[in-house]
Amino acid sequence: MDMGDILNQWDSMQSDKVRKQKESGKNTVSHKKANAPTAEEKALAAEKDFEAKLRAENSKTINPMELWLRRYGTIDKDKILEEQQERSNQTDRNYLINMAPEARLDLHGLHQNEAEERLNYFITDCKRRGLRKVIIIHGKGIHTTGTDPVLGELVRRFIERDKRCGTSGHPKTKAEGGTGATWVILK
């Protein structure tokens, strides 16, 4: 028997071992680290750790004032007053008229049907977002062929018909839009 026969015999023995392990479904290699605790040891350590934490938590003392504040809380009277003032401002007509618009819609270049659809969608979205004052820019009708500006009249009729729209008017200055824009307070 020469060295080649010995190596062949060794290879066949090793392949037989691997085949038997695969058939039995067991892996002889342990993936457990050396000196690693068992499941029972882990559970016992966790239980002791939990009991120690519980004892430490129960032994703490708390300042009586802190205990009272945790139990009954505090009332911030200044914050309540500010909220009441804000609510009264939201309903005060003069405050709403003088406030800056919270949203803007520009209808320049649209046909009547398109403008009415966009206006309806815009008012719906503003109501959903809780806005109080919006401005609609419709232009003065300089490029309109005919007698009256079309979009300005459309916006006026829309505001009169729609129950979501309240008081309306034109901005005071030309820089804000003048008669080419209309502000609306939403109900």
Side-chain angles (χ1 to χ4, degrees), residues 46 49-187:
D49 188 40
F50 174 74
E51 289 174 0
K53 285 181 183 177
L54 189 60
R55 269 192 241 100
E57 196 66 33
N58 288 338
S59 67
K60 288 182 182 177
T61 58
I62 189 167
N63 181 351
M65 182 63 77
E66 180 72 22
L67 178 65
W68 190 89
L69 288 173
R70 283 185 189 175
R71 187 174 294 159
Y72 300 109
T74 59
I75 297 174
D76 189 356
K77 293 180 182 177
D78 293 332
K79 184 177 178 183
I80 292 172
L81 183 64
E82 287 174 6
E83 289 172 355
Q84 287 175 345
Q85 185 68 29
E86 183 66 27
R87 274 190 300 244
S88 68
N89 280 346
Q90 291 295 327
T91 57
D92 184 23
R93 187 172 186 267
N94 290 329
Y95 173 80
L96 290 172
I97 288 173
N98 292 324
M99 78 183 277
E102 298 171 301
R104 179 178 314 270
L105 173 67
D106 191 350
L107 299 176
H108 279 106
L110 298 178
H111 295 286
Q112 283 184 332
N113 294 339
E114 294 171 328
E116 191 165 9
E117 286 176 21
R118 286 224 186 132
L119 189 57
N120 188 29
Y121 177 77
F122 175 71
I123 297 295
T124 302
D125 185 50
C126 290
K127 282 296 288 180
R128 182 185 55 78
R129 292 174 24 202
L131 303 181
R132 296 296 311 229
K133 185 176 180 182
V134 297
I135 191 162
I136 303 159
I137 302 168
H138 46 75
K140 296 180 182 179
I142 295 173
H143 303 289
T144 303
T145 56
T147 57
D148 294 330
V150 176
L151 293 180
E153 183 63 25
L154 174 94
V155 169
R156 185 186 63 76
R157 283 194 323 262
F158 182 87
I159 292 170
E160 288 175 356
R161 282 192 328 255
D162 198 322
K163 294 179 181 178
R164 301 171 292 184
C165 299
T167 306
S168 64
H170 298 290
K172 295 177 180 128
T173 65
K174 189 174 182 179
E176 294 173 333
T179 58
T182 303
W183 56 259
V184 182
I185 295 174
L186 301 176
K187 294 181 181 178

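Computed from a predicted structure; not experimentally measured.
Of all non-hydrogen atoms in Cys165 and Phe158, the two that sit nearest each other are SG-CE2, 4.4 Å. Nearest heavy-atom pair, Glu102 versus Arg132, reported as atom, atom and distance to 0.1 Å: OE1-N, 2.5 Å. The shortest heavy-atom contact between His170 and His138 is CE1-NE2, 4.4 Å. Closest heavy-atom contact between Leu119 and Ile136: CD1-CD1, 3.4 Å. Annotation for Pro171 and Trp183: closest pair N-CD1, 3.8 Å, computed over non-hydrogen atoms. Scanning both residues, Leu154 and Gln112, for their nearest heavy atoms gives CD2-O, 4.0 Å.
Counted by atom type alone, His111 and Asn113 present zero donor-acceptor pairs between their side chains at under 3.5 Å.
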| Given the rule in the side-chain contact (heavy atoms from CB on, under 4.5 Å) test, do Val134 and Leu105 qualify, once you have shown the distances and angles that lead to the verdict? | CA-CA 8 Å; Val134 297; Leu105 173 67; over 6 Å; no
| field | Verdict with reasoning, Arg164 to Thr124, per side-chain contact (heavy atoms from CB on, under 4.5 Å) | value | CA-CA 9 Å; Arg164 301 171 292 184; Thr124 302; 2.6 Å; yes
| said: Run the side-chain contact (heavy atoms from CB on, under 4.5 Å) test on Arg156 and Thr182 for me, step by step, so that the C-alpha distance in whole Å, both residues' side-chain angles and the decisive distance to 0.1 Å come before the verdict. | reply: CA-CA 8 Å; Arg156 185 186 63 76; Thr182 303; over 6 Å; no
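Shown here are the side chain to side chain donor-acceptor pair (under 3.5 Å) partners of Arg128, two or more places apart in sequence or in another chain: Asp125. In this structure Asn63 satisfies the side-chain contact (heavy atoms from CB on, under 4.5 Å) test together with Met65, Glu66, sequence neighbours excluded.
Considering CD1 of Ile159 and CD1 of Ile185, their distance stands at 11.0 Å, rounded to 0.5 Å. With values rounded to the nearest 0.5 angstrom, Glu82 atom CD is found 9.5 Å from Gln85 atom CD.
In Ile75, the CD1 atom is not crowded: 12 or fewer heavy atoms of neighbouring residues, nucleotides or ligands sit closer than 6.0 Å.
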